[in-house]
2 protein chains.
Amino acid sequence: MPTIQDVAARAGVSVATVSRFLSGQTVRSADAVREAVDALGYRPDVAAQAMRTGRHSAVGVIVPDIGNPFFAAIVKGLAQGIPDGGLHMLLASSEESAQLEARLLADLDSRVDGYVLAPVNEQDRLPLELVRRGVPVVLLDREVDGGEDCDVVLVDNAGGAASAARHLLDLGHRRIGVISGPANTTPGRERREGFLSVLAEHDVVVEPGLDLVGDFLEESGRRLTEQLLALPERPTAIFTANNQMTVGALRALQAASVPVPDEISLIGFDDLTLGGLLQPPLTCVVRDEVRQGRTVMELLVERLGHARLAETPQVPPRRVVLETTLLVRGSTATPRQEA
Amino acid sequence: MPTIQDVAARAGVSVATVSRFLSGQTVRSADAVREAVDALGYRPDVAAQAMRTGRHSAVGVIVPDIGNPFFAAIVKGLAQGIPDGGLHMLLASSEESAQLEARLLADLDSRVDGYVLAPVNEQDRLPLELVRRGVPVVLLDREVDGGEDCDVVLVDNAGGAASAARHLLDLGHRRIGVISGPANTTPGRERREGFLSVLAEHDVVVEPGLDLVGDFLEESGRRLTEQLLALPERPTAIFTANNQMTVGALRALQAASVPVPDEISLIGFDDLTLGGLLQPPLTCVVRDEVRQGRTVMELLVERLGHARLAETPQVPPRRVVLETTLLVRGSTATPRQEA
DNA sequence: GTGAAAGCGCTAACAT
DNA sequence: ATGTTAGCGCTTTCAC
């Protein structure tokens, strides 16, 4: 690999001139330098640049589960949000483990200029520590306690869940099972609250056996749905708070040969890859995941730019809440009339 | 951020001793150094290490489409294959563009010690250039021409496609549509050839209008299926060569209200997230994606280890071919008897 | 506009 | 076993 020395030698100038040329400054011998760069196939050594400047032209991304198609779509959006050239993404998956998350964050520390984080839980102190140190951070889909100082891109969890609840109420459901996510995550908490508050407004009681909390993974959706099906009096509808748990619910319903929506209606938060091709097609609350990812990266890039210009840029933290849409397909219907 | 100097000062030793301690060598003042490291929260600066040693403790991963759940599963496997601590993954998506791939590779050059690559096409020269330079590379799911010198982890594309073909023949199909991937990719080429060769052995002719080539994306699966449905005489079965095109085919069949498998049987290469929950559940050739990813990373890690020990390690290139399984579910059946 | 030179944090001789 | 020191490739003063 040629170094900047080689380029300078070939162009007959000093390394300083080459460096200036590369950083866009006007240089008398621009042509000669350009020629040398091209001829030698010179690429600056990022490690050396990083050491000298403290900047890495890379961002760290930690998602809870990269195998989840939802986060795959988010990552696609993140990639779209990266401006052309030179900014890279270090991706890691915390597997919903706070411990692993802490290790990853520590490892990334001297490799990146900023972070996209979907913290494992809202009590997570790490993101705020970074912010206090002046490190650009944008939270993805999840907030942390006291995180007002931190950019965040959410969806309207409560509103989306509320629209799902209203839809079920409109259809006539009164006995509804809720499978929500961990109460210490933003989507887990807000979706449950948004859903239940609408039911409460309409004096619909959700007894403890119908109000279940999962972990956002497929297996818990399956298990909790089985639990609902085992009740003496089954619900007539089920709300699942994320895509993976919806998949689990579908498997359980299918395994138990429960006809959807004839016996039980199902409504999920977030669509599935094939949600529209299922029989019946899935009714769900949808959002634009790719756009959400893109927005996150745009905020981060902007903040990185400011961080470069001044020590204390004082860009006020931004909180973006993207809308959700209720997509009514075939998995919800009027409850069957019981005797 | 404290430096190794700070640690040395606090422990009352030289930086060399701290460095030795950190690299695992036995040191007299181990306790004092450990105390200083902990108290200061010292973390070595990776950029400085990289500059000094030339190693980055990171690997670059370039997949063609990170939004594809198949590659998301692969990436999950890759993450599993990373030994505890300190090795990182820089992930990028080439979006099936050779140009973007080249740029990504150039950008990653001074950030990583090795690569996992799913090259955009088999004529791609870049992976071999890296290998010639002594850079550890493992090819993922796709080979390149003349790439005998390069580790690669494939699946038995031809065998899997052949099993699909035999399954359709056994059911009695004789007029079969084939939607394959780009002929200049390994899975595109091998799956088509494996499929067609079995048909040829049984003297089943696939006329040009039934032998279509897509681009592995959902939209091409949809369009080419529409094309098959528009034929004067429709096929009684369709084989789609990857997951995304299978989704497209399903959409087209549904849009045209073609009953599966009653009028047309469908068999795909690779399962879908909800393949088993579709109505009918999808018959397909399956493999263990996570295992494939894990295997790739294990090979790469091994090669990185060798690369560290000697200049010319001469580890012979390995070629791992993982098996596939025919998963017969409900989307294939005996062809309807025509008049 | 340009060049000489310092130095970012670390590791690996080399000398002890 | 330990300390001293050169230098990885680059950017950025500083003096011209």
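Numbers restart at 1 for each chain; the letters A, B, ... are given by sequence-line order, proteins then strands. The model shown is predicted, which means the values in this text are computed figures rather than measured ones.
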Self-check item: Salt-bridge criterion met for B:Arg103 and B:Glu95 (N-O under 4.0 Å)
Solution: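 The answer is no: the pair does not qualify as a salt bridge.
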Quiz item: When the nearest nucleotide of DNA chain C is assigned to B:Arg20 and to B:Ile4 on a heavy-atom basis, which residue is associated with the more 5' position?
Solution: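 It is B:Ile4 whose nearest nucleotide is closer to the 5' end.
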Self-check item: Nearest listed nucleotide, side chain of B:Gln49, among C:dG1, C:dG3, C:dT11
Solution: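 The nucleotide sitting nearest to the side chain is C:dT11.
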Exercise. Return yes if the base of C:dG9 and the side-chain atoms of A:Arg52 contain a donor-acceptor N/O pair under 3.5 Å, otherwise no.
Key: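 Flag unset: no donor-acceptor pair detected.
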Report which part of the nucleic acid [X] touches: base, sugar-phosphate, or nothing (heavy-atom distance under 4.0 Å, all strands).
X	result
A:Tyr42	sugar-phosphate
A:Ser23	nothing
B:Thr53	sugar-phosphate

Quiz item: Given atom CE of B:Met51 and atom P of C:dT11, what is their separation to the nearest angstrom?
Solution: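 My rounded result for the distance is 12 Å.
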Quiz prompt | OP1 or OP2 of C:dA4 under 4.0 Å from side-chain N/O of A:Ser14 | solution =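 For C:dA4, OP1/OP2 do not have a side-chain N/O of A:Ser14 under 4.0 Å.
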Quiz prompt | side-chain contact (heavy atoms from CB on, under 4.5 Å) assessment of A:Arg319 paired with A:Glu143 | solution = CA-CA 10 Å; A:Arg319 188 186 148 88; A:Glu143 296 187 273; 2.4 Å; yes
Quiz item: Is a donor on one side and an acceptor on the other found under 3.5 Å between the side chain of A:Asn184 and the backbone of A:Glu122?
Solution: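 No, A:Asn184 side chain to A:Glu122 backbone: no donor-acceptor pair under 3.5 Å.
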Quiz item: Hey, where on DNA chain D does chain B first and last touch, going 5' to 3'? Cut-off is any atom under 4.0 Å from a heavy atom.
Solution: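 From 5' to 3', the first and last contacting nucleotides are D:dA1 to D:dG9.
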Exercise. Using a 4.5 Å cut-off on heavy atoms from C-beta on, say whether the side chain of A:Asp107 contacts that of B:Arg43.
Key: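 Heavy-atom side-chain distance check passes, below 4.5 Å.
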Practice problem: Return the 5'-most residue of the pair B:Ala48, A:Ala16 with respect to DNA chain D, ranking by each residue's nearest nucleotide. | Solution: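 First, find each residue's nearest nucleotide; the 5'-ward one identifies B:Ala48.
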Practice problem: Give a yes-or-no answer on whether the side chains of A:Asp145 and A:Gln123 include a donor-acceptor pair shorter than 3.5 Å. | Solution: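 There is such a pair between these side chains.
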Quiz item: Hey, is CZ on B:Arg291 packed in by over 12 heavy atoms from elsewhere, all under 6.0 Å?
Solution: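 Not more than 12 within 6.0 Å, no.
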